[in-house]
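Numbers restart at 1 for each chain; the letters A, B, ... are given by sequence-line order, proteins then strands. Bear in mind the structure is a predicted one, so any value in this text is a computation, not a measurement.
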Amino acid sequence: MSHKLSTFSFVESVNAWQQQHGRHQLPWQLNVNPYKVLVSEIMLQQTQVATVIPYFERWMQNFPTVEALAQATEDQVLNCWQGLGYYSRARNLRRAALYITAELAGQIPADIEELRKIPGIGPYTAGAILSFAFNQRGVIVDGNVKRLFARYFGIRGAVNSTAFSKTVWAYAEAVTPTQDNRRFAQGLLDLGSTVCKPRLPLCDACPLRPECFAWAHNQVESLPERSPKKTIPKRTGHFVWDYNSEGLLLEQRNDTSVWPKLWALPEIDTPTSTAKSKGEFHHQFSHYKLHACIWHSKDHQSDNKQSRFTVNQLDTVGLPAPMRKFIESALDLNAEES
DNA sequence: CAATCGTGGTC
DNA sequence: TGACCAAGATT
């Protein structure tokens with residue numbers, strides 16, 4: 001690797017490409033500050049840029065500073081996050097603001113160990129904040145870097161294995177420079193997402209092609225390697241539909257389930273034999289398929305916090321995306337029938 | 001360590 | 001069309 005790096009400047013190639021062809025106008029790149037970087041990096045975890053942008057804009061309107069976020073309630077935060085998924089990110093981001101305000105005098109630290117103490121900040125996000133917020137050396141390994149490095153260095157093994165991750169982190173530590181880190185980190189991400197793509201990579205446009213292992217060995221399509229896919233299980237869930245003149249009955253889900261702390265139709269173990277169906281919907285999570293059955297019911301008892309919401313009030317609570325679709329569809333049908 | 005945690009984009 | 005994947009973290 002050292003020979004390769006000495007005869008071909010990986011860093012300079014990435015940086016020069018980023019300056020010419022990389023992204024420079026993303027919302028969190030304009031008038032950059034550490035809080036914007038923190039918010040964007042949390043939102044971007046396992047979520048595509050195009051999906052995040054409108055959420056980021058709305059978030060910064062509602063919670064423009066760490067202090068503003070620290071003063072928000074969990075319900076306000078979840079309402080702003082609804083539809084983006086992985087809701088523990090939202091709750092951790094609020095906890096992060098409380099921690100930064102209480103323990104760090106409102107300042108996001110430019111220190112890897114201090115960053116790692118903040119809720120929701122793992123090894124990738126800590127490195128990203130160092131690079132993007134402070135232009136300091138911060139090592140980043142995400143899906144883009146794993147794919148790009150697997151091809152460029154010829155790293156074998158399943159991308160989702162621990163061994164593969166450790167190997168890529170070691171390469172990243174070795175490659176990451178001590179200067180111009182904002183540009184280098186952005187260059188890695190931009191190259192990975194726009195050129196070294198999962199499928200149909202644009203090798204003709206890649207500045208790293210002269211020294212790319214996968215290109216030289218015709219393995220661009222077969223790297224990185226994937227572990228054999230698992231069959232994901234199917235589950236059935238039953239939910240209660242109770243809508244009257246005072247609104248729709250919802251309950252706040254507990255935090256040990258999917259959609260933690262979000263408001264949703266009350267969930268039941270099994271419907272009664274006389275229950276009348278209100279409808280159903282299907283939803284695919286990353287790890288199982290849900291078949292949701294909705295049953296007409298009244299006066300459902302639950303340990304969870306319950307409340308009724310009118311149609312207008314539904315906009316002010318955090319609802320799971322598929323359930324919001326079902327509810328809005330069902331209420332529209334009601335309106336047409338009446 | 002492997003499972004869990006959402007949703008939408010892409011081809 | 002469905003399988004893969006996305007600026008991962010937590011337990």
Side-chain angles (χ1 to χ4, degrees), chain A residues 22-23 26-29 36-56 78 81-93 95-96 115-133 138-148 158-166 168-169 172 182 185-194 196-201 221 224 226-233 235 253 255-262 264 282-290 318-325:
Chain A
R23 296 175 288 195
L26 296 171
W28 42 89
Q29 294 176 311
K36 286 186 188 175
V37 174
L38 170 62
V39 171
S40 64
E41 288 303 334
I42 301 296
M43 287 188 169
L44 285 160
Q45 288 169 7
Q46 296 291 285
T47 310
Q48 294 185 177
V49 168
T51 303
V52 164
I53 287 175
Y55 281 90
F56 177 81
L78 286 173
W81 197 275
Q82 65 171 310
L84 197 55
Y86 287 143
Y87 297 95
S88 63
R89 293 183 298 171
R91 296 195 290 148
N92 281 337
L93 188 48
R95 288 207 295 140
L115 285 168
R116 286 299 309 276
K117 294 178 183 172
I118 299 174
I121 296 184
Y124 164 81
T125 303
I129 290 174
L130 287 176
S131 295
F132 295 130
V139 181
I140 59 167
V141 171
D142 75 328
N144 292 304
V145 175
K146 287 180 180 176
R147 181 175 57 256
L148 192 154
V159 281
N160 59 346
S161 70
T162 303
F164 179 89
S165 184
K166 285 178 124 178
V168 174
W169 271 102
R182 184 176 287 146
Q186 191 66 50
L188 287 182
L189 300 183
D190 291 348
L191 255 185
S193 61
T194 68
C196 197
K197 301 185 295 179
R199 279 175 295 182
L200 303 177
E221 298 291 343
R226 298 178 307 223
S227 57
K229 62 170 182 265
K230 300 177 189 172
T231 60
I232 70 174
R235 297 184 196 171
R253 296 176 62 83
D255 54 9
T256 59
S257 63
V258 288
W259 304 322
K261 293 293 187 174
L262 265 66
H282 296 265
H283 185 69
Q284 179 146 359
F285 294 95
S286 47
H287 51 297
Y288 67 91
K289 295 178 182 178
L290 174 67
L319 285 173
M323 194 163 285
R324 175 173 290 280
K325 288 177 191 169

message: Angle between ring planes, A/Phe285 versus A/His283, binned at 30° and 60°: parallel, tilted or perpendicular?
response: perpendicular
task: For nucleotides C/dT10 and B/dC1, find the distance between their C1' atoms and express it as a whole number of Å.
output: 13 Å
message: Test your reading of the model: is there a side-chain donor-acceptor pair from A/Tyr55 to the backbone of A/Gln82, 3.5 Å cut-off?
response: yes
query: If the P atom of B/dG8 is compared with that of C/dA9, how far apart are they to the nearest Å?
result: 22 Å
- request: May I ask you to evaluate whether A/His287 reaches the phosphate of B/dC5, defined as a side-chain N or O under 4.0 Å from OP1 or OP2?
  value: yes
query: OP1 or OP2 of B/dT7 sitting under 4.0 Å from any side-chain N/O of A/Trp259?
result: yes
message: Ring-plane angle category for A/Phe56 and A/Trp28, please: parallel below 30°, perpendicular beyond 60°, tilted otherwise.
response: perpendicular
message: What is the first contacted nucleotide of DNA chain C and what is the last, in 5' to 3' order, if contact means an atom lying under 4.0 angstrom from a heavy atom of chain A?
response: C/dC4 to C/dT10
- request: Identify, between A/Arg199 and A/Ser40, the residue whose nearest nucleotide on DNA chain C lies closer to the 5' end.
  value: A/Arg199
query: Has A/His283 got a side-chain N or O lying under 4.0 Å from the OP1 or OP2 atom of B/dT7?
result: yes
Nearest-nucleotide comparison on DNA chain C, the residue closer to the 5′ end among A/Gly120 and A/Val49: A/Val49
message: Closest-nucleotide mapping onto DNA chain B: is A/Thr51 or A/Tyr288 further toward the 5' terminus? I mean the 5' end.
response: A/Tyr288
Polar side-chain contact A/Thr47-B/dG6 base: donor and acceptor under 3.5 Å: yes
- prompt: Counting only side-chain N and O atoms of A/Lys325, is one of them less than 4.0 Å from OP1 or OP2 of B/dG8?
  reply: yes
